[in-house]
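The next block holds one structure in the form of structure tokens; read it before the comments.
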Amino acid sequence: MTEFLLLLSASAEAAEKGGLPQLDASTYPSQLFWLAVTFLTLYLAMQFVFLPRLGGIIEERRNRIADDLDQAAEFKREAEEAEISYNKALADARAKANAIAAETRAEIDGQIKAEQAQMDTQLASRLAEAEDRINAMKQSANEKVDEAAADTTKALMEALVGTAPDDRAINDVIAKVAP
Amino acid sequence: MPFLMTMLSGPMEQFEIMQIIPVHLGAYDISFTNSSLWMVIGVAAVSLFMFMATRRLSLVPGKMQSAGETLYIFIADMLRGAAGKEGMKFFPYIFTLFMFILASNLLGLWPSIPGTPAKWHTFTPTSHLIVTLALAMVTFTLVVVYGFYKNGLGFLKLFVPAGVPWWLMWLIPVIEVVSFLSRPISLAIRLFANMLAGHLIFKIFAGFVASLLAAGAWGVIAILPLLGNFAVYLLEILVAFLQAYVFAILSCIYINDAIHPSH
């Protein structure tokens, strides 16, 4: 300790002769005092004014960005939900359209079948009618043939033998001959 | 011969403390000196910068606010990286320390106005050991007080690193204590010596320029020390930043010891 003081006093002497000003202990109280005053002033200004303001705005920006990101995520989720419900609605509509189409098709098929069946029966009945008519005409034609044959036979017999046989005999013969 | 005399006595003159306003407090001379003046100018400059940076705060920052925020985040990341989240309670101290030292170092590089009296010349408060030692002692005291306050006697674990073999237990704590006690001294001397050396080199090179110019025909080569000074000036700007950073980050690392003593 005494050596240190000796060194200090020696350096103080040296300072007077132009030695190291840094070792001139007589300036220490002033340097320490003003260092304390200025450093403490700056410290208090930093602690209570500048740093809270700067830190506050940085924090605020960080929160704002985090909020915005949250909101963006929320919007994205909503958009995804909307897409899902849109797809669902689309699928529903498509299914419904298919169902309606199938129903309509079945209905039309039914109609066509019914009309076809009706047409078939109509045609069948008309065919039967026509056949009946043809049969009737055939029969009447046959009768006419028989009649003509009888007439012809009567006329021939009259011409050949001079007497006409009676109708009943002629008809019996014709009925025997004709198939 | 006279120029040699100025050269020999010259380089230290720039560090002389000169009274501007004499003040006495009891037995102590606490005069306002050139050193005090440049401390005040440094604090004023830092405050002006911080005022400009925080004047119109907005979510989309302007130039000054951007600069302030960059600095804020730089120091905050440094402290958080060294001392963890818990270290953030010392953020205002570390920030003030960094800015104070940086302002002192940088403003000391400002050229003096030629022709003004010596006491108005530019001065670097951090080129005085007592100032850097006082700043280092603040950090040191903070570490010791907070270390014991937070950990109690557990703070002493700092001097007994884990995994030391039993037969070294008498030696390692001694080394640890010595290294712990030498921290403020190394902190103080590193900053002081860097500032001292830089300004000495300026003055010596400037002395070369002056004496070579006075030497007649050889005056042409005075350009060499002048260019040398220019290079040293650029280097010193870097050193001003670097030493402020080193002082601040070492303080952060020491504070980490107070928070987490078992390393």
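These values consider heavy atoms only, across backbone and side chains, with no hydrogens, waters or symmetry-generated copies. Just so we're clear, the structure is a prediction, and the values are computed from it rather than from any experiment.
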Exercise for the section: Name the region of A/R53, side chain, backbone, both or neither, that has any atom closer than 4.5 Å to a heavy atom of chain B. Expected result: both

Fill in the blank from the handout: Most contact-rich option vs chain A, by heavy-atom pairs under 4.5 angstrom, among B/V43, B/L97, B/I130, B/L133, is B/I130

Practice task
Select one option (side chain, backbone, both, neither) describing which atoms of B/F192 are under 4.5 Å from chain A's heavy atoms.
Solution key: side chain

Exercise for the section: Would you please test A/V49 and B/F51 for side chain to side chain contact (heavy atoms under 4.5 Å, CB included) and show each step? Expected result: CA-CA 9 Å; A/V49 185; B/F51 172 73; over 6 Å; no

Handout entry: Heavy-atom contact with chain A under 4.5 Å, split by part of B/F95
Key = side chain

Exercise for the section: With a 4.5 angstrom heavy-atom cut-off, could you sort out which part of A/F50 is near chain B: side chain, backbone, both or neither? Expected result: both

Practice task
Can you check whether anything in residues 60-78 of chain B gets within less than 4.5 Å of chain A, heavy-atom wise, and list it by number?
Solution key: B/P61, B/Q65, B/G68, B/E69, B/Y72, B/I73

Practice task
Please assess A/L42 against B/V46 for the test side chain to side chain contact (heavy atoms under 4.5 Å, CB included), listing each intermediate value before the final yes or no.
Solution key: CA-CA 8 Å; A/L42 188 62; B/V46 172; 3.8 Å; yes

Exercise for the section: Flag the one option from B/S47, B/A134, B/S35 with the top tally of heavy-atom pairs under 4.5 Å to chain A. Expected result: B/S47

Practice task
Answer yes or no: does atom CD of A/E103 have more than 12 heavy-atom neighbours from other residues, nucleotides or ligands under 6.0 Å?
Solution key: no

Practice task
Answer whether the closest heavy-atom distance between the side chains of B/P125 and A/Q31 falls below 4.5 Å.
Solution key: no

Exercise for the section: Considering only heavy atoms and a distance below 4.5 Å, find which of B/D29, B/L25, B/V138 pairs most often with chain A. Expected result: B/D29

Exercise for the section: Report yes if the side chains of A/L20 and B/F15 come closer than 4.5 Å at any heavy-atom pair, otherwise no. Expected result: no

Fill in the blank from the handout: The reported gap from CZ in A/R62 to CG in B/L59 (rounded to nearest 0.5 angstrom) is 13.0 Å

Exercise for the section: Say whether, by atom type as modelled, one donor and one acceptor occur between the side chain of A/W34 and the main chain of B/L37 under 3.5 angstrom. Expected result: no

Exercise for the section: Kindly indicate, with the supporting measurements, whether the criterion side chain to side chain contact (heavy atoms under 4.5 Å, CB included) is fulfilled by B/T96 and A/L51. Expected result: CA-CA 10 Å; B/T96 311; A/L51 293 182; 5.5 Å; no

Problem - Residue B/F241 excluded, over 12 heavy atoms near CZ under 6.0 Å - result: no

Handout entry: Gap between atom OH of A/Y28 and atom OH of B/Y28 - 0.5 Å precision
Key = 15.0 Å

Exercise for the section: Side-chain contact test, heavy atoms from C-beta onward, threshold under 4.5 Å: evaluate it for B/T33 versus A/S30 and give yes or no. Expected result: yes

Fill in the blank from the handout: Assert top hit (heavy-atom pairs under 4.5 Å, partner chain A, pool B/V131, B/V40, B/V23) equals B/V131

Completion exercise
Note: vs chain B, highest number of non-hydrogen pairs under 4.5 angstrom among A/L54, A/T27, A/I65, A/L32 is A/L54

Problem - Interchain contact, B/L196 with chain A, by part (heavy-atom threshold 4.5 Å) - result: side chain

Handout entry: Full working for side chain to side chain contact (heavy atoms under 4.5 Å, CB included) between A/L35 and B/F100
Key = CA-CA 10 Å; A/L35 174 66; B/F100 187 89; 3.5 Å; yes

Handout entry: B/M39 CE to A/T41 OG1 distance, which is reported to the nearest 0.5 Å
Key = 11.5 Å

Problem - Region of B/T54 that comes under 4.5 Å of a non-hydrogen atom in chain A - result: both

Completion exercise
So CD1 of A/I57 and CZ of B/R56: to nearest 0.5 Å the spacing works out to 13.0 Å

